[in-house]
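Bear in mind that the values here come from a model prediction, so they are computed numbers and not experimental data. All residue numbers in this chain count up from 1 along the given sequence.
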Amino acid sequence: AGDVMVIQGVDPSLWLAVRHACRPGDEVILTDPMYGPFKGVLETAGARAVVWGLDEGDGYRFDAERLKSLVTPRTKLIDICNPHNPTGRAMTREELRAIADIAVDQKIRIISDELWEDIVFDGRKHVSIASLGPEVSDLTLTSWGFSKTFGVAGIQLGYMCTTDKVALDEMKRQAAGIQRGSSTLAKAVAHVMLGKSLDRWRRD
């Protein structure tokens, strides 16, 4: 499909999202705690991290009012990881809707790392923020991979999606001169991992 980009895992998608959304001096909102490479890629675009603290005592709830207080005219990107690394918490539809509303109102891009989408427990469901409507979908760059669900760290294969074709085409151009491309073996295995024959693995 035209809205999917095959990529070497989630980390390169974080780099591309920052390079696409930010210019020197722009701000990116990150949760604390957060998967380390989210912050590491900011210097490549001269962007500045703004920390959205998650409180362990509050169950690591994603407080939209706190997020709203961090937004400035320089905010160009909100990073989310759902289910969240490192807390393991699956974000609720209500939390995601609140983030989406802020992003749409302020025209802020979202990068959503959903690598852990199958690792949910106790009847919880993974909800992709881009699924909440066309306006937020056009602002969201979503990234997935295979390494967590199938225990294949090092396969260096993932995929990124957005309904904003202009943004995706720009990121493909940026990646062309830098990424080596995923191996043909990884791409062949991906068809199996995405297929129904492994539904039992994801379920059990």
Side-chain angles (χ1 to χ4, degrees), residues 1 3-14 16-17 29-38 52 54-56 58-64 66-67 77-104 108-153 155-164 168 186 189-204:
D3 57 356
V4 176
M5 177 180 177
V6 177
I7 198 166
Q8 288 178 270
V10 167
D11 285 8
S13 71
L14 304 179
L16 284 169
I29 297 178
L30 309 167
T31 61
D32 179 24
M34 171 57 82
Y35 175 55
F38 269 96
W52 178 16
L54 305 180
D55 184 0
E56 181 180 8
D58 196 26
Y60 295 114
R61 182 174 63 89
F62 293 82
D63 184 342
R66 172 69 176 144
L67 171 61
L77 188 65
I78 299 170
D79 285 356
I80 63 172
C81 183
N82 178 39
H84 187 263
N85 179 7
T87 70
R89 187 176 186 278
M91 299 173 76
T92 67
R93 182 178 291 273
E94 292 72 25
E95 288 170 328
L96 292 166
R97 169 56 65 194
I99 295 169
D101 288 346
I102 292 167
V104 169
I108 302 169
R109 285 221 174 260
I110 298 168
I111 173 69
S112 183
D113 168 4
E114 302 186 9
L115 182 60
W116 298 84
E117 65 176 328
D118 295 311
I119 316 299
V120 289
F121 303 96
D122 302 327
R124 290 175 173 82
K125 301 291 184 186
H126 168 259
V127 177
S128 181
I129 192 167
S131 72
L132 299 180
E135 289 184 301
V136 69
S137 179
D138 283 348
L139 288 170
T140 301
L141 313 168
T142 310
S143 187
W144 297 270
F146 303 95
S147 61
K148 306 310 178 191
T149 297
F150 295 100
V152 288
I155 196 171
Q156 293 190 327
L157 184 67
Y159 49 104
M160 185 166 61
C161 178
T162 180
T163 52
D164 182 342
L168 194 68
V189 172
H191 286 283
V192 178
M193 291 188 287
L194 288 171
K196 292 190 178 300
S197 64
L198 290 181
D199 281 351
R200 59 174 179 80
W201 178 274
R202 281 183 285 270
R203 182 184 64 247
D204 298 337

- Evaluate the criterion side chain to side chain contact (heavy atoms under 4.5 Å, CB included) for residue pair I7 and L16; output intermediate values, then yes/no. CA-CA 10 Å; I7 198 166; L16 284 169; 3.5 Å; yes
- Dump the intermediate steps for side chain to side chain contact (heavy atoms under 4.5 Å, CB included) on L157 and V152, then the final yes or no. CA-CA 10 Å; L157 184 67; V152 288; over 6 Å; no
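Judged by distance alone, with hydrogens and angles left aside, the side-chain atoms of N82 form a donor-acceptor pair with the main-chain N or O of V127 at under 3.5 Å. Without hydrogens or angle criteria, W116 side chain to A90 main chain gives no donor-acceptor distance under 3.5 Å. Remark: side-chain polar atoms of R97 are paired, donor with acceptor, to backbone N or O of L132 under 3.5 angstrom. Distance alone, capped at 3.5 Å, places no donor-acceptor pair between the T140 side chain and the S137 backbone.
Scanning all heavy atoms of the two residues, the minimum distance from R61 to D58 falls at NE-OD2, 2.9 Å. Residues G9 and P12 share a closest heavy-atom pair of O-CD, 3.2 Å. Considering every non-hydrogen atom in both P83 and V120, the closest pair reads CG-CG1, 3.8 Å. The minimum heavy-atom distance linking L139 with V104 is given by the pair CD1-CA, 3.8 Å.
Among the candidates D11, D79, D113, the single residue satisfying the side chain to side chain donor-acceptor pair (under 3.5 Å) test with Y35 is D11. Residue K148 forms a side-chain contact (heavy atoms from CB on, under 4.5 Å) with just one option from L115, N85, V10, and that option is L115. Tested against I110, the residues I129, L77, T142 include a single side-chain contact (heavy atoms from CB on, under 4.5 Å) partner, I129.
Remark: I78 CD1 to I108 CD1 distance equals 4.5 Å, nearest 0.5 Å. Annotation: the span from S143 atom OG to M5 atom CE amounts to 10.0 Å, rounded to 0.5 Å. Rounding to the nearest 0.5 Å places CZ of R89 at 11.5 Å from OG1 of T31. A distance of 9.5 Å separates CE in M91 from SG in C81, rounded to the nearest 0.5 Å. Interatomic distance, OG1 of T163 versus CG of L141, reported as 9.5 Å (0.5 Å rounding). Taking CD1 of I99 as the start and CG of D63 as the end, the distance is 10.0 Å to the nearest 0.5 Å.
Qualifying side chain to side chain donor-acceptor pair (under 3.5 Å) partners for D55, counting only residues two or more places apart in sequence or in other chains: none. Partners of F62 according to the ring pair (Phe, Tyr, Trp, His ring centres under 6.0 Å) rule, which considers only residues two or more places apart in sequence or in another chain, are W52, H84.
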